[in-house]
Amino acid sequence: MTWLLIALVLVAAAAGLLRWRRPAWYWLTFGVTLATLRVLVRYGPVMDACGLTVPAPRWRLTLAQLASRPVPGPRAPRILRLRVTRTGLILRLKLRPGQDAFDVAASCDRLRHSFGMYGVTSRELRSGVVELRMTGYDVLKRVQMPAQTGTRPMRVPVALREDGAVHYRDYRTVPHALTVGATESGKSVYQRNLVATLAPLNVALVGIDCKQGVELFPLARRFSALADNPDTAAELLDALVTHMQDVYRLIRAEQRITADVPDAEIAADIWDLPEDLRPVPVVVLVDEVAELALFASKEEEKRRDRIITALVRLAQLGRAAGIYLEICGQRFGSELGRGITMLRAQLTGRTAHRVNDETSANMAFGDIAPDAVLAAIQIPTDTPGVAVTGDSSGGWHRIRAPHTSLRQAVNTCNKHADRTPDLPALAPFRPVLGPLVPVPVPAVESAPPVAA
């Protein structure tokens, strides 16, 4: 009996230590079993207390009266499936007649407390079916991306969502995106991680970094074109517009609109072309867009109008030509001048890191997801990298990209430097580099320190 008591004390101590130091390990060893039992045992009373039950139907009440049986109680949504993940639980529910998915979403915070989970989010899968994603611990405190991710052409994993799911940057679904954030908010790490995930793909990277190239030029071996000042950026954007027009001429020449060609094979963008004719897609990364929009003289104003006009044309017409924009900046509002709001309207994806004022958050989400504005301004200063992301559908999530050091990103770009395509229109802007000197990489890299 004494040995059994000692063993129980050791197990409890080990569970407490894991929960404190390694919450992911605690979840996989102890937490998942306890959480599953809590959900199954408390499910009925919790749903009733949250107002997520409906009275029994009249035919059941009538049968109970005729058979002299107890009156049936209220019914909760039926559990279709309970699935365990490495970060929590996924509960799929079938709503009863008269229930609404909004009622479940409004009760998520109460369900979180009742089931003893770290977070609960809901989404409607189809009519009458709702999915609850429950997380057992703070997955954004120490981001660990899963080893297997569902990648496909022009779709890369860039961050982890607060519900434990992977956040993907899908360029074919959301062609252009805007990223805003204050200094030291984690915006540069997010951009760096995006470049590292795009490096292994068959894609051309084009960078505009007007901070003399300090952010993007270390990754230059994987870039087909780079500009480090507004004058070069204006010429580079004009060359991109010319490249876009050449791609459209190719699509028109290979459109295949004769009567004997099936409708599904008619080409309207580069992805409808045969693979041997398809131009390589281009991702344009603009770091600190305000440097392109500000001016102090008449000449600079002409250059600024030329740059913004080219960006607007690329945002409006570039999707079918395989040109995708990633615009980054600390602020992105109408104070930057003419054409900025027109450009912002074309940027479907929005990501906001910590901002210094509500106006900056409104610039990102005010026109698509007003609820996300409050979430963006509540990001604390001691959690760099945490961001709020959304799109024009109105949905939004909190995310955090894994910490990617500049050395890791440089090594990844150097490793895949042979994938850098040569685009004739952008050849004058290809960075000139010396021979590659191999840099030893440590076998195990220490994780970044976690703020207390």
Side-chain angles (χ1 to χ4, degrees), residues 153-156 158 168-179 191 194-195 198 201-209 216 222-227 230 232-255 266-273 277-287 289 292-293 304-329 332 336 338-351 368 391-392 420-430:
M154 300 308 297
R155 181 175 183 261
V156 293
V158 294
Y168 293 91
R169 180 69 179 93
D170 192 342
Y171 287 94
R172 296 185 64 178
T173 302
V174 182
H176 313 302
L178 169 66
T179 303
Q191 185 185 58
L194 180 62
V195 173
L198 287 171
L201 304 183
N202 182 29
V203 59
L205 299 179
V206 175
I208 298 176
D209 181 6
L216 296 180
R222 187 55 185 86
F223 277 77
S224 298
L226 279 170
T232 307
E235 298 175 2
L236 174 55
L237 290 172
D238 288 341
L240 278 170
V241 172
T242 301
H243 172 73
M244 177 182 67
Q245 294 170 345
D246 293 340
V247 172
Y248 275 124
R249 280 192 285 268
L250 173 63
I251 295 174
R252 181 65 183 272
E254 299 292 334
Q255 201 158 24
I266 296 177
D269 58 31
I270 66 168
W271 304 105
D272 296 328
L273 294 174
L277 295 177
R278 183 183 305 155
V280 63
V282 179
V283 176
V284 183
L285 297 104
V286 179
D287 186 61
V289 67
L292 299 178
R304 178 252 177 220
D305 292 342
R306 175 182 165 195
I307 289 174
I308 299 302
T309 301
L311 284 174
V312 171
R313 293 186 67 187
L314 290 173
Q316 290 180 338
L317 307 174
R319 193 271 318 164
I323 299 177
Y324 309 104
L325 299 181
E326 288 284 347
I327 309 294
C328 299
F332 197 83
L336 295 181
R338 298 189 304 271
I340 288 296
T341 54
M342 183 186 299
L343 175 61
R344 184 178 62 186
Q346 303 296 327
L347 306 177
T348 305
R350 309 287 176 85
T351 301
I368 61 170
D391 54 41
S392 57
T420 305
D422 289 315
L423 300 180
L426 306 182
F429 308 96
R430 179 103 183 232

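Since this is a predicted model, take the numbers as computed values, not measurements. Atoms considered below: every heavy atom in the structure, side chains included; atoms not considered: hydrogens, waters and symmetry mates. Heads up: numbering here begins at 1 and tracks the sequence.
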Asp287: which residues meet the salt bridge (Lys or Arg N to Asp or Glu O under 4.0 Å) condition with it, sequence neighbours left out? Lys211
May I ask you to decide if His176's main-chain N or O and Thr348's side chain share a donor-acceptor pair within less than 3.5 Å? no
Would a 4.5 Å heavy-atom cut-off, applied to side chains only, mark Leu216 and Phe223 as touching? yes
Tell me the closest heavy-atom pair linking Asp170 and Thr173, and the distance in Å. OD2-OG1, 3.1 Å
Residue pair Pro421 / Ser224: nearest heavy atoms and the distance that separates them: O-OG, 2.8 Å
Can you list the residues that meet the salt bridge (Lys or Arg N to Asp or Glu O under 4.0 Å) rule with Arg249, with sequence neighbours excluded? Asp246
Quick check: closest heavy atoms across Leu178 and Arg344, and the distance to 0.1 Å? CD2-CG, 4.3 Å
To the nearest 0.5 Å, tell me how far Met342 CE sits from Leu347 CG. 12.5 Å
Output the distance between atom CG (Asp272) and atom CZ (Arg278), rounded to the nearest 0.5 Å. 8.5 Å
Roughly how far apart are Asp209 CG and Leu285 CG, rounded to 0.5 Å? 10.0 Å
Heavy-atom closest pair (Gly207 atom, Leu236 atom, distance to 0.1 Å) is O-CD2, 3.9 Å
Could you tell me whether the side chain of Pro279 reaches within less than 4.5 Å of the side chain of Leu273, counting heavy atoms only? yes
Taken to the nearest 0.5 Å, the spacing of Leu240 CG from Gln245 CD works out to 11.5 Å
CG on Leu205 to OG1 on Thr420, rounded to 0.5 Å: 7.5 Å
Does the side chain of Thr341 reach to within under 4.5 Å of the side chain of Leu343, using non-hydrogen atoms? no
Please step through side chain to side chain contact (heavy atoms under 4.5 Å, CB included) for the pair Met244 and Val282, ending with a clear verdict. CA-CA 10 Å; Met244 177 182 67; Val282 179; over 6 Å; no
CZ-CG distance between Phe429 and Leu226, expressed to the nearest 0.5 angstrom: 11.5 Å
Partner set under side chain to side chain contact (heavy atoms under 4.5 Å, CB included) for Ala233, not counting sequence neighbours: Ile208, Ala227, Leu292
Nearest heavy-atom approach of Cys328 to Gln191 is SG-NE2, 3.6 Å
So which heavy atom on Ala425 is nearest to which on His243, and how close? CB-CB, 4.0 Å
Could I get the full list of side chain to side chain contact (heavy atoms under 4.5 Å, CB included) partners for Leu201, not counting sequence neighbours? Val156, Leu198, Val203
Applying salt bridge (Lys or Arg N to Asp or Glu O under 4.0 Å), can you list everything that pairs with Arg306, at least two apart in sequence or on another chain? Asp238
Pairs of donor and acceptor atoms involving the side chains of residues 311-327, under 3.5 Å and at least two apart or interchain, shall be tabulated with distances.
from: Arg319; atom 1: NH1; to: Asp269; atom 2: OD2; distance (Å): 3.1
from: Tyr324; atom 1: OH; to: Trp271; atom 2: NE1; distance (Å): 3.1
from: Glu326; atom 1: OE2; to: Arg169; atom 2: NE; distance (Å): 2.5
from: Glu326; atom 1: OE2; to: Arg169; atom 2: NH2; distance (Å): 3.1
from: Glu326; atom 1: OE2; to: Tyr171; atom 2: OH; distance (Å): 3.0

